[in-house]
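Okay, structure first, notes after.
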Amino acid sequence: MSVNIDRVYQKVLALANKEQRGYITPQEFNLLADHAQMEIFEQYFYDLSQFQRIPGQNHEYSDPVSIIKDKIAPFEYFHAGAYNVTVDNQYGDCVNWANDIPNLYRLGEISITYVVGGKRYHSSIAEQLTPKEYAIRSKSPLARHNYDRPIYIKYSDSARLNRVKIYPYPLTVGYVDSVSSVALPDGSIIPRPTKQAGIAADYIKKPKKPNWAYVVINNKPLYNSTSSVDFELHASEETELVYRILALAGVAIEKPQLTQAAVGLGASQIQQEKQ
């Protein structure tokens with residue numbers, strides 16, 4: 001399900017023009033629409049955290065946790081059949097996840113299938129650590145990483161690219177090496193495997209940027225459904241989108257009354273949803 005962008009635009013125009021409060025151009029609307037959509041989308045994760053701390057309901061269609069999960073579900077991708085992630089070098093560095101995962105919004109679990117001794121090793125879920133946690137664990141023979149318990153660290157390099165470093169290093173992913181043998185973390189030497197290891201990630205993608213496209217006829221913009229991009233949010237968010245765009249539009253066209261009215265309407269709706 002999605003929200004038709006023209007329905008939202010026409011409602012925004014109707015409410016904004018009431019009492020001659022102002023006109024919102026298509027260009028202004030598209031900017032505000034993207035901002036409003038991302039505000040609502042980000043709020044899902046805070047609401048989910050909030051509602052998970054209170055007892056759920058037994059009713060199938062009114063449990064707030066289930067409702068929010070349903071809204072997030074279309075944006076979730078899991079490692080089964082999801083994108084394989086590229087490792088840059090023999091040191092386990094992954095760079096700029098956006099290149100491997102289009103529209104990445106939040107990175108979830110990383111799953112690694114190692115190849116050891118030319119044979120495929122079972123898949124393991126990597127645990128995320130901070131650099132400090134990694135330094136502490138690496139000193140302990142019992143707590144340090146291994147093929148059964150891989151770990152990864154997020155960081156930014158000097159070029160401000162988002163990187164992930166994986167331990168133990170996936171030996172055969174994403175690069176070509178002429179070396180005929182490799183050293184394992186335990187110090188043993190093995191021939192370089194001919195099979196490729198695999199890395200996959202669970203993640204949440206961003207909603208597509210909405211766009212109210214139009215053609216100009218008699219100096220007036222007319223809706224072009226062919227080139228337009230609808231909101232990707234759940235259909236139930238249509239009213240919330242209208243209120244948020246109106247509130248932002250009041251600031252853009254310097255009509256504080258419009259902002260106040262939209263904020264009031266939005267607050268009433270939120271109170272109804274969360275009481």
Side-chain angles (χ1 to χ4, degrees), residues 1-45 47 61 66-78 81-83 98-106 203-255 257-259 261-270 272-273:
M1 289 186 291
S2 60
V3 181
N4 182 270
I5 194 167
D6 188 51
R7 283 173 53 87
V8 174
Y9 187 40
Q10 297 306 325
K11 289 182 179 181
V12 168
L13 288 182
L15 291 170
N17 285 332
K18 186 179 180 181
E19 298 177 4
Q20 304 301 314
R21 283 173 173 162
Y23 175 74
I24 301 168
T25 67
Q27 293 85 355
E28 291 172 332
F29 173 81
N30 285 331
L31 289 173
L32 303 179
D34 182 47
H35 187 87
Q37 177 172 251
M38 292 310 300
E39 276 189 342
I40 294 172
F41 188 65
E42 176 66 15
Q43 190 61 42
Y44 288 162
F45 304 96
D47 288 344
Y61 301 112
S66 297
I67 290 173
I68 297 171
K69 286 183 176 180
D70 284 344
K71 292 178 178 180
I72 296 174
F75 304 96
E76 289 185 286
Y77 288 79
F78 299 96
Y83 288 93
N99 289 341
D100 293 316
I101 306 177
N103 297 319
L104 174 67
Y105 190 68
R106 272 188 168 82
Y203 67 97
I204 291 177
K205 75 177 186 70
K206 292 180 182 178
K208 293 179 182 177
K209 189 174 181 179
N211 180 56
W212 191 85
Y214 61 94
V215 293
V216 178
I217 299 178
N218 294 329
N219 296 321
K220 290 184 178 181
L222 296 180
Y223 177 58
N224 182 356
S225 60
T226 303
S227 303
S228 292
V229 179
D230 289 333
F231 295 95
E232 278 200 300
L233 301 183
H234 191 275
S236 63
E237 302 293 3
E238 181 174 321
T239 302
E240 179 73 11
L241 282 165
V242 171
Y243 293 158
R244 286 183 180 264
I245 294 172
L246 276 174
L248 294 167
V251 177
I253 62 178
E254 299 182 354
K255 297 291 182 180
Q257 311 96 313
L258 182 59
T259 298
V263 169
L265 292 169
S268 299
Q269 181 179 358
I270 292 173
Q272 180 183 11
E273 293 175 352

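Hydrogens, waters and symmetry mates play no part in the numbers below; they use all other heavy atoms, side chains included.
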Residues forming a side-chain contact (heavy atoms from CB on, under 4.5 Å) with Leu31, sequence neighbours excluded: none
Taking every non-hydrogen atom, the tightest pair across [X] and [Y]:
{"X": "Ile40", "Y": "Leu233", "value": "CG2-CD1, 3.8 Å"}
{"X": "His234", "Y": "Tyr44", "value": "N-OH, 4.4 Å"}
{"X": "Val215", "Y": "Asn224", "value": "CG1-ND2, 4.0 Å"}
{"X": "Val229", "Y": "Lys209", "value": "CG1-O, 3.5 Å"}
{"X": "Asn211", "Y": "Ser227", "value": "ND2-O, 3.9 Å"}
{"X": "Ser228", "Y": "Ala213", "value": "OG-N, 2.9 Å"}

Point-to-point distance, once rounded to the nearest 0.5 Å, from [atom1] of [X] to [atom2] of [Y]:
{"X": "Phe41", "Y": "Ile72", "atom1": "CZ", "atom2": "CD1", "value": "7.0 Å"}
{"X": "Gln10", "Y": "Leu15", "atom1": "CD", "atom2": "CG", "value": "11.5 Å"}
{"X": "Asp230", "Y": "Gln37", "atom1": "CG", "atom2": "CD", "value": "10.0 Å"}
{"X": "Glu238", "Y": "Ser2", "atom1": "CD", "atom2": "OG", "value": "10.0 Å"}
{"X": "Arg244", "Y": "His35", "atom1": "CZ", "atom2": "NE2", "value": "8.5 Å"}

Candidate list Leu248, Leu241, Val12, Leu246, test side-chain contact (heavy atoms from CB on, under 4.5 Å), partner Leu32, passing option: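 The passing option is Leu248.
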So [Y] and [X], do their side chains get closer than 4.5 Å, heavy atoms only?
{"X": "Glu232", "Y": "Lys205", "result": "yes"}
{"X": "Ile24", "Y": "Leu13", "result": "yes"}
{"X": "Pro207", "Y": "Phe231", "result": "no"}

Heavy-atom donor-acceptor pair, Asn218 side chain to Lys220 backbone, under 3.5 Å: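 It does not hold such a pair.
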Test side-chain contact (heavy atoms from CB on, under 4.5 Å) applied to Phe75 and Asn103, step by step: CA-CA 10 Å; Phe75 304 96; Asn103 297 319; over 6 Å; no
Under the ring-ring contact (aromatic ring centres under 6.0 Å, His included) test, residues paired with Tyr9 that sit two or more places apart: Phe29, Trp212
Neighbour count above 12 (heavy atom, 6.0 Å) for Lys11 NZ: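 Yes, enclosed.
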Ion pair Arg106/Glu76, N-O distance below 4.0 Å: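 The answer is no: the pair does not qualify as a salt bridge.
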